[in-house]
Amino acid sequence: MDLFEYARNVNSDKESPLASRLRPKTLDEVVGQEHIIGKDKLLYRAIKADKISSIIFYGPPGTGKTTLARVIANTTSAEFKQLNATIAGKKDMQEVVEQAKELLAMNGKKTILFIDEIHRFNKAQQDYLLPFVEDGTVILIGATTENPYFEVNGALVSRSIIFELKPLTEEDIKTLIHRAVEDKESGMGSYNPVIDDDAVDFLAQIAGGDARTPLNAVELGVLTTDPDEDGKIHITLEVAEQCIQKRALRYDKTGDNHYDTISAFIKSMRGSDPDAAIYYLAKMLYAGESIDFIARRIMICAAEDVGLANPQALVVATAAADAVRQIGMPEAQIILSEAVLCVATSPKSNSAVNAIFSAMDTVENKDVDPVPSHLQDAHYGGHEKLGHGVGYKYAHSYPNHYVDQQYLPDNLVGTKFYEPGELGDEKKVKEYLGKIKKD
């Protein structure tokens with residue numbers, strides 16, 4: 001590195017965004033992801049011991065995939081090369097591989113190749129890497145926001161350890177915000193800023209697990225706010241709102257407003273008011289509510305309030321819950337909107353709720369006779385002598401695949417647990433049961 005290149009690197013570090021400058025250089029500086037880099041975890045031990053094998057980091061934006069790669073770069077004795085799949089091609093990979101071969105042959109030194117957005121490489125580009133990963137010419141570190149089991153060559157996946165990174169918690173992001181404000185070398189500490197607690201809470205809530213958004217807001221706030229009479233730059237809630245271009249809602253995730261909003265959300269879906277349900281969905285999303293939490297409430301409502309009047313509502317809600325975990329925001333809001341509208345506009349029935357609660361009450365509080373003998377298991381020796389299974393009528397041998405026989409225990413005969421409703425698919429169920437039993 002010559003003097004001019006060194007100067008360019010120094011200037012680049014100084015001029016880079018706050019989120020980039022604050023990237024940790026050691027494992028102990030990393031915030032969050034304790035499930036994979038806790039001191040007793042495999043990745044922590046491997047990095048400390050400089051025994052890295054090929055790995056793929058998978059997770060939402062802003063959760064630290066590139067950060068962990070940089071930490072490895074700072075701690076490994078191997079040569080570290082970095083490519084971004086959005087702009088790199090096969091020629092770039094060929095150059096790295098050739099250099100890696102020479103380094104390994106001459107010095108016995110390994111090369112780590114970090115590929116950001118590895119899912120952007122097509123199949124042929126990924127296939128090119130495979131033999132060099134397999135023979136140890138390069139140690140691959142891939143980073144992707146997409147599920148690697150779907151978007152990365154299966155052979156590469158099978159030769160790598162997959163580490164899934166989780167969205168940063170609000171406490172993690174608060175830690176990073178305070179670090180950004182106080183750090184005089186890499187952060188904004190030299191400007192003498194202070195930040196109000198409600199501004200920290202707001203920025204952490206709207207982050208959605210991505211640290212870059214609040215850090216960019218902190219940097220903008222410090223650089224555009226004049227010092228007060230005390231000589232300090234005060235980052236208030238109002239400043240934070242302006243920097244993020246988003247107003248703070250009265251929505252404390254642990255307070256009454258949270259429970260009032262989710263209650264109104266569920267009751268609006270139950271009450272078949274799609275406009276109100278969508279409004280409360282938007283309010284929760286705007287305030288940074290967990291999309292997983294919202295998806296769970298939609299699934300519950302689909303089962304509890306729609307039920308068998310439209311069984312597909314639960315299918316849609318369950319598929320939406322899986323989809324939002326894979327895709328994340330902002331696209332997740334569209335998926336959640338579809339699920340909410342499906343539940344809100346479906347015919348309603350709580351007959352399944354009444355049925356299971358009534359049956360559970362009977363099981364808990366009533367002494368019930370044994371299973372009728374003709375329903376008992378007949379698949380073992382001696383069952384005929386005991387009368388097990390004798391007299392059972394096989395429903396498929398009769399018209400309409402139905403035959404009248406006793407299924408409930410003797411002292412529950414005639415008990416009704418399930419009463420089909422009059423709406424949607426359940427109306428058809430009621431008609432069907434009435435028809436076969438009448439015939």
Could you tell me if [Y] and [X] have a donor-acceptor pair between their side chains, going purely by distance under 3.5 Å?
| X | Y | answer |
| --- | --- | --- |
| Ser272 | Lys348 | yes |
| Arg23 | Thr67 | yes |
| Asp292 | Ser290 | no |
| Asp172 | Thr169 | yes |
| Thr26 | Asp28 | no |
| Glu426 | Ser349 | yes |

Measure from the side-chain N and O atoms of [X] to the backbone N and O of [Y], and report whether any donor-acceptor pair falls under 3.5 Å.
| X | Y | answer |
| --- | --- | --- |
| Arg159 | Ala155 | yes |
| Thr318 | Leu314 | yes |
| Asp196 | Asp198 | no |
| Glu219 | Leu18 | yes |
| Arg70 | Pro24 | no |
| Lys65 | Pro60 | yes |
| Thr345 | Leu341 | yes |
| Glu170 | Asp201 | no |
| Asp183 | Arg179 | no |
| Glu151 | Glu146 | no |

Rounded to the nearest 0.5 Å, how far does [atom2] of [Y] lie from [atom1] of [X]?
| X | Y | atom1 | atom2 | answer |
| --- | --- | --- | --- | --- |
| Ile115 | Leu140 | CD1 | CG | 5.0 Å |
| Leu176 | Leu215 | CG | CG | 6.0 Å |
| Glu304 | Asn350 | CD | CG | 8.0 Å |
| Asp116 | Ile141 | CG | CD1 | 11.5 Å |
| Phe114 | Leu68 | CZ | CG | 9.0 Å |
| Lys81 | Ile112 | NZ | CD1 | 12.5 Å |

Non-hydrogen side-chain atoms of [X] and [Y] separated by less than 4.5 Å:
| X | Y | value |
| --- | --- | --- |
| Leu223 | Met188 | yes |
| Val194 | Ile235 | no |
| Leu83 | Leu113 | yes |
| Thr144 | Arg120 | no |
| Ile139 | Thr76 | no |
| Ile56 | Val152 | yes |
| Leu433 | Pro420 | yes |
| Asp92 | Val96 | no |

Crowded around [X] [atom1]? As in, over 12 foreign heavy atoms under 6.0 Å?
| X | atom1 | value |
| --- | --- | --- |
| Lys90 | NZ | no |
| Tyr191 | OH | no |
| Glu238 | CD | no |
| Asn107 | CG | yes |

Shortest non-hydrogen contact between [X] and [Y], atoms and distance:
| X | Y | answer |
| --- | --- | --- |
| Ile298 | Ala317 | CG2-CB, 3.9 Å |
| Ala277 | Val340 | CB-CG1, 3.6 Å |
| Ala204 | Ile173 | CA-CG2, 3.9 Å |
| His119 | Thr145 | CE1-OG1, 3.7 Å |
| Leu408 | Leu412 | CD1-O, 3.3 Å |
| Asp230 | Lys232 | OD1-N, 2.9 Å |

Evaluation steps, side chain to side chain contact (heavy atoms under 4.5 Å, CB included), between Lys366 and Asp361: CA-CA 8 Å; Lys366 188 170 184 176; Asp361 181 69; over 6 Å; no
Ring pair (Phe, Tyr, Trp, His ring centres under 6.0 Å) pairs, two or more places apart, involving residues 260-285: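 Every candidate ring pair (Phe, Tyr, Trp, His ring centres under 6.0 Å) pair involving residues 260-285 fails, so no pair, neighbours aside, qualifies.
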Going by the ring pair (Phe, Tyr, Trp, His ring centres under 6.0 Å) test, which pairs reach into residues 136-169, not counting sequence neighbours?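 Matches after skipping sequence neighbours: none remain.
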Does the side chain to side chain contact (heavy atoms under 4.5 Å, CB included) test come out yes or no for Val97 and Lys101, once each step is laid out? CA-CA 6 Å; Val97 167; Lys101 287 180 178 178; 3.8 Å; yes
Evaluate side chain to side chain contact (heavy atoms under 4.5 Å, CB included) for Lys110 paired with Ile52, printing each intermediate quantity in order. CA-CA 10 Å; Lys110 294 183 177 181; Ile52 291 293; over 6 Å; no
Kindly indicate, with the supporting measurements, whether the criterion side-chain hydrogen bond (donor to acceptor under 3.5 Å, both in side chains) is fulfilled by Ser263 and Asp260. CA-CA 5 Å; Ser263 175; Asp260 290 345; over 6 Å; no
Is there a side chain to side chain contact (heavy atoms under 4.5 Å, CB included) between His234 and Thr225? Walk through the geometry before answering. CA-CA 8 Å; His234 289 264; Thr225 304; 6.0 Å; no
Please determine if Lys174 and Glu171 form a salt bridge, counting it only when a charged side-chain N lies under 4.0 Å from a carboxylate O.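 Yes, this pair counts.
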